[in-house]
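Order of the sequence lines fixes the chain letters, A, B, ..., with proteins taken first and strands second; residue numbering starts at 1 for each chain.
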Amino acid sequence: MKRYSPKLIEKKWQEKWYGSGVFKAQNGSKKRKFYLLVEFPYPSGDGLHVGHCRSYTALDVIARKKRMEGNNVLFPIGWDAFGLPTENYAIKKGVHPSIVTKKNTDNFRRQMKELGFSFDWSREINTTDPKYYKWTQWIFLKLFESGLAYKDKIAINWCPKDKIGLANEEVIGGKCERCGTKVEKKEKEQWMIKITKYAERLVKDLDNVNFLEKIKTQQKEWIGESHGAIVKFSVEGIEESIEVFTTRMDTIFSGTFLILAPGHNFIEKYKNKIENIDEVLKYKEEAKNSSDIDRTNLDKDVTGVQLKGIVAKNPATNEEMPVWIADFVLEQYGTGAVFADAHDKRDFKMAKKYGIALRTSIKPNDELLWQKVKNLEECFEGDGTLYNSSQFDGMSSAIARPLIIAWLLGKGLAKPKTSYKLRDWVFSRQHYWGEPIPLIFCSQCGWQPVPEKDLPIELPKVKNYKPTDTGESPLAAISKWINVKCPKCKGFAKRETDTMPNWAGSNWYYLAYAMLGNSKSEARNPKLDWNEKNIKYWMSVDWYNGGMEHTTLHLLYSRFIFKFLWDIGAVPKQIGAEPYKKRTSHGMVLGEGGIKMSKSKGNVINPDSVVKQYGADTLRVYEMFMGPFEQMIPWDAKGVVGCQRFLEKIYNLALKINPAMRRGAKSNSELDPKFKFSLNKTIKKISEDIEAMKFNTAVSSLMILANNFIENKEFIAKEDVKTLLLLLSPFAPHLAEELWLASSFKGLCCNQKWPKYNPKFIEEEKVLLIVQINGKVRDKIEADFGISQKEAESLALKSEKIKVLVGGNKPVKIIFVANKLINIVI
RNA sequence: GCCGUCGUGGCGGAAUGGGAUACGCGAUUGACUCAAAAUCAAUUGUCCGCAAGGGCAUGUGGGUUCGACUCCCACCGACGGCACCA
C-alpha cells in the first residue's frame, strides 16, 4: 500500500499546471471575466512569510473555484520591488539593488510555485523594470501637466537613520515606520501631489463600493471630512480680517478670544502692529523646532502668547476679543486659526491659565453638570441648548448651527465650508532605489517635463548609491546623468535627482496586469502597452484582498491615482471611477503564543520548511483551517499535523474504495438518504463558505464529509469520490489531481465543473424534534419532516419523560418551530 | 479621549434567536508491537451521584423573550485605528 507522499506528487502537478497554461486569463474572452487581486509582495530577502501564504492561499481557493464555475479568471502576481530594505541590503553587502531584487524575486517565485498558487505567470510584473516604470513616470508627467504635482518647501518628517523624508502616513507615533527611529523635522523642497483635491470624492465614492465597513471607516477617518463654516473676525485698525474654520457655530456667542497657529502669516504681515513682537517670534521659533508629537502631546500644559495691540471683534456679539498664538493650533488644518470659548477643553484650560475671560452659551441636559458649567468649574464640549445667544436662545445645537451660519452669511461674515484632515502627499525621496522623477530644471524655463518619447528615464548604474547626510539624492553626484539640455530652450539644464516613494509603482499595477497582451503573437513576449481595450475588458477589479495596514496608504493612494487617470481619460469612462469593486482584508499570522513573528524573537516560521516536512497541500489546508480569515491568529505547529492526518485520510480513502463500487454499482449516495443529505449539504456549505471567506468552516465540513465517507466506506462509489475530490481541489489541489488520476477520471481536476447540490436532497426525511419545557431541553423525538404542530404536540406529550415533567400542569402556551422544536410552557 | 473589533473547554475555534462546546489540537485509557512511533477504538466543560439522572456554565451585572453565546443597556478586559483637527 502506497503512503501519501507530497514530495512525490506536488512537483509533478505544478509542472503540469504551469506548463499547460490552465491558469492563463484570456483577454477579450466571451466567458464572464473575474478579476481577483492580491497585494503584490515586496520581495524581501527573508522570502515568503506564512502570512503571505495565508492570504494568497485564500484567494487562490477563490480563484480555483471561480474558474471551475466557468469564469475567465485573471489572478495575477508581480513584485513591488523598489524600496529601502533592498537598498540598505545592497549598501551593506556591496551588491547592486537590481541584483538583490533579481535574487529575491526568483526566490519568491519559486516559493509561490511550490505552493501551487494558480497565478497567471505570463503576466508577472516588476515595478523596477524600466518597461514598467516607464508608465509610472508617465503618470507623474500627467499629474505635473494637470497641475497636481508641485514643488514646495515644507517641513518634512525626516528619519535621521534611514536618511529619508517620510509621508505622514509613514510616521507611526512620531517614529519612522521602518526603523523606529524618532522622526525629526527638516525643511526641504519636495514634490507634492494634490491628493487633497480628491478628498471629497474619495469619501463620497466609498458609498458605491463593496469594501468591508471597517475599511471604509478607516479611510473616512483618515480623510477626516468635517462640515462647518469659515467665519470672519474683523481686526481693529487692519483692513484684513482673520478667518476661522469652525464646526461649532452654535458656540459663537461664547467666543471670547482668538488663537492663531504660531506659523500663521498674520504675524509676519502685521508684525509692526504687535507690541510684543520679540516674545511672539521667540514662541514661534520654539514651536517650529518641536516635533508634531511634542506639540500634540495631550499631557503637556497648554502654552501661548498674546499678540499685544491686536484686538478682534466677535461678529455675533460685536464684543472685543484678544488674539493669542498657541502651538496646539495647527497651521495645516482649517485656516490655522480658531475662536476660543468655554466649550472647548483646550481653550478652557488656556483661558484659566492666562486669566482670559470666558463665557458659556450651551446648556447641557444634566442639571448637576449645568451648575458646574455655569460656574466655569467644568468644561462642557457636547451639544445642548443655546442661551446667551440672543435670537438663537432655546434652540438645540444641531438646529442652531445652520441658522447661525445663514444669519452671518447674510451679513457677509461667514460661509459654509468643509475641511479635511488629509494633507497633500509628499512624493519625493532622496534615495537611489526608486523611479527617477522625469523632470528637468532649466534656469530660464523652470521645471520642464521630460518629453514622453524619452521615457523611461532609467536609473543610471552607479557605484555609490548611499544616501547622503545633506539629504540630497545620491543621483545628484552623477554629473553625466544630471546635466541635460532643456527640452524647451535647449539650454543647459539639470535633471531632478529625487526619486518617487515606493507607493508610486503600486498606484496602477492592477492596470498593468490587465494591459498585458496575450494574443498568439504576444504570448512569448507580452507587451506592456497602455492597452485601453484590455483595460476595458478586465477593469474594475472584482475582488481585492490585502492587509489593513494599507488602508490609509496604498489603498487610498491607488484609488486617488485611478480617479485621476479616469478624469484625464487615460482609462475608459465606462469602467467607472473606482478601481476596486470589493475589498476584503486578512488577519496577521502571529508566532506561537500570540506574539508577532520576528527574527529577533526567533519565532519565524519558514514556509519552505513546512512544505519540506508536510507538503504544500498540508500548509495550504492548515492556513485555511487555523481560524477566521479576517482575524489575527497564532501559529500552532501541532495544528499542522492534524491537517496532514486529514489529507492522509482522504488519500487512503480514495484509493481504497470497494472495487465493486468502482465499477458503478448503486452508490451509497443513491441508497442512503442520510449520506445523500450530507453530501449535498456539504457542497452547499463549502460553496457558500468560500464566497464568505469562511475557509475554516469550509475545511471543517470537508473533514466531516471525509469522516462520513470512512463510516460508509464499503458503499462509496466513484461518483461520490469524484465530488469529494472536486470539493477538495481548491484547498489541496495537488492531492486532488493525484487522486483524480488514480481514480482514472479524465483531464485535470482543476479544469472540471464545480459540483452543484440538489436542493431536493438537502431536505431531511426524518428530523430530530427538540422538546423543551419552559425553554429547557427535556427530550428529543424523531419525527417525519414537515410534521404539523398538532402531531408534534401529541407526539411530545406521549413521551414518558415529558409526561412525568408536565404532571398535572396544564400547558399555558406551546411554541412550535417547524422541523426543529416544540416548547411547552407550564 | 474618540471610533472600531472581540471576550465560549487545557488550546485554535464552531454555533449569530431554538440541541452550547461542531471540526482540529492536546490529554487519558485500550488494541496492535519485544518496545516505541504511526495507526485504530473509546473517553474528555464543570459539580453532585454507584447509577439512572440532575444542577451550573459562553468576561461581569441588569433587561427583552416561551427561549439569549446570539438582541438591548451599563461595566470590566484585550486588540486595532485615530488623536490638542477647532
Using a 4.0 Å heavy-atom cut-off, does A/K345 contact any base of the nucleic acid, only the sugar-phosphate backbone, or nothing at all? nothing

A/D779 CG - B/G18 C1' separation (whole Å): 16 Å

Same-atom distance (C1') from B/C6 to B/G12, integer angstrom: 15 Å

Nearest to the A/I633 side chain among B/G13, B/C23, B/G19, which nucleotide is it? B/G13

Atom NZ of A/K776 and atom C1' of B/G53: how far apart are they, to the nearest Å? 14 Å

Determine the contact category for A/V825: base if any of its heavy atoms lies under 4.0 Å from a base atom, sugar-phosphate if only primed atoms, P, OP1 or OP2 are that close, otherwise nothing. sugar-phosphate

Could you check which of B/C79, B/G18, B/C23 has an atom nearest any side-chain atom of A/F625? B/C23

Would you indicate what A/I815 reaches in the nucleic acid, counting non-hydrogen atoms under 4.0 angstrom: base, sugar-phosphate, or nothing? base

Contacting residues from residues 245-260 of chain A, given that a heavy atom lies under 4.0 angstrom of RNA chain B: A/F245, A/T246, A/T247, A/R248

Please report the distance, rounded to the nearest Å, between CG in A/D327 and P in B/C85. 13 Å

Within the 3.5 Å criterion, strictly below it, is a donor on A/E39 or A/H550 matched to an acceptor on the partner's side chain? yes

Can you tell me how far C1' of B/C40 sits from CZ of A/R645, to the nearest Å? 12 Å

B/C23, B/U39, B/G19: which one has an atom nearest the side-chain heavy atoms of A/L768? B/G19

Value in whole Å for how far the P atom of B/C66 lies from CD1 of A/I773: 17 Å

Candidates B/C56, B/G54, B/C85 - which lies nearest the side chain of A/K421: B/C85

5' precedence on RNA chain B between A/T217 and A/A337 (nearest-nucleotide basis): A/T217

Quick one: CE on A/M321 to CD1 on A/I259, what's the gap to the nearest 0.5 Å? 9.5 Å

Fit a plane to each ring of A/Y354 and A/W324, take the angle between them on a 0 to 90° scale, and name the class: parallel (under 30°), tilted (30 to 60°) or perpendicular (over 60°). tilted

Would you mind checking if A/D383 and A/R248 are paired as a salt bridge, meaning a charged N to carboxylate O distance below 4.0 Å? yes

So A/Y420 and A/L202, do their side chains get closer than 4.5 Å, heavy atoms only? no

Hey, could you give me the CZ/CE distance between A/F731 and A/M624, rounded to the nearest 0.5 Å? 8.0 Å

The side chain of A/K214 lies closest to which of these nucleotides: B/C85, B/G4, B/G19? B/G4

For A/H264 and A/E331, the nearest pair of non-hydrogen atoms, with its separation, is N-CG, 4.3 Å

Whole angstroms only, please: what is the CH2-C1' distance between A/W324 and B/C84? 17 Å

Would you indicate whether A/K220, at its atom NZ, is surrounded by more than 12 heavy atoms from other residues, nucleotides or ligands within a distance under 6.0 Å? yes

Would B/G67 be called syn or anti here, given the cut-off of 90° from 0? anti

In the structure I gave you, are the side-chain heavy atoms of A/L386 and A/S397 within less than 4.5 Å of one another anywhere? yes

Can you tell me how far P in B/A78 sits from the matching atom in B/U28, rounded to whole Å? 34 Å

Do A/S55 and A/N545 meet the criterion of a side-chain donor-acceptor pair at a distance under 3.5 Å? no

For A/D344 and B/C84, give me the distance from atom CG to atom P, rounded to whole Å. 13 Å

Could you check whether A/K638 pairs with A/D636 (Lys NZ or Arg NE/NH1/NH2 to Asp/Glu carboxylate O, under 4.0 Å)? no

Mind checking the P distance from B/A51 to B/A36? Whole angstroms is fine. 32 Å

Determine the Euclidean distance between corresponding C1' atoms of B/G53 and B/A42; express it in Å to zero decimal places. 22 Å

Could you check whether A/S226 gets within reach of a base, just the sugar-phosphate, or nothing at all, counting any heavy atom under 4.0 Å? sugar-phosphate

Could you check A/V777 against A/N707 and say which one's nearest nucleotide on RNA chain B is further toward the 5' end? A/V777

Could you please spell out the steps behind the side chain to side chain donor-acceptor pair (under 3.5 Å) verdict for A/K649 and A/N707? CA-CA 9 Å; A/K649 224 183 242 182; A/N707 291 340; 3.0 Å; yes

When the ring planes of A/Y333 and A/F245 are compared, do they come out parallel, tilted or perpendicular, using 30° and 60° as the limits? perpendicular

Between B/C73 and B/A68, how far apart are the two C1' atoms, rounded to whole Å? 15 Å

Would you indicate which nucleotide in B/C85, B/A83, B/G19 comes nearest to any side-chain atom of A/L330? B/C85

Protein-nucleotide distance (A/I710, atom CD1; B/C23, atom P), rounded to Å: 13 Å

Distance between the C1' atoms of B/C47 and B/G62, in whole angstroms? 26 Å

Polar atom pairs between nucleotides 14-16 of chain B and protein, under 3.5 Å, N or O only, would you list them?
unit_1 : atom_1 : unit_2 : atom_2 : d
B/A14  : OP1    : A/N696 : ND2    : 2.9

Quiz item: A/Q772 side-chain donor-acceptor pair to B/G18 base, under 3.5 Å: yes

Does OP1 or OP2 of B/C85 have a side-chain N or O of A/R346 closer than 4.0 Å? yes

Using Watson-Crick or G-U wobble pairs with both distances under 3.5 Å, give me RNA chain B in dot-bracket, 5' to 3', with [ ] for crossers and | for pairs to another strand. (((((((..(((.....[....)))((((((.......))))))((((....))))..(((((..]....))))))))))))....

Compare all side-chain heavy atoms of A/L556 with those of A/W425 and state whether any distance is below 4.5 angstrom. no

Please tell me which of the listed nucleotides, B/C82, B/G18, B/U39, lies nearest to the side chain of A/E221? B/C82

Closest approach of A/L409 and A/P416, non-hydrogen atoms and distance? CD1-CD, 4.4 Å

For B/G61 versus B/U8, give the span between their P atoms, rounded off to a whole number of Å. 16 Å

When you compare B/U16 with B/C72, how far apart are their C1' atoms, in angstrom units rounded to a whole number? 15 Å

Which part of the nucleic acid does A/M632 contact within heavy-atom distance under 4.0 Å: base, sugar-phosphate only, or nothing? sugar-phosphate

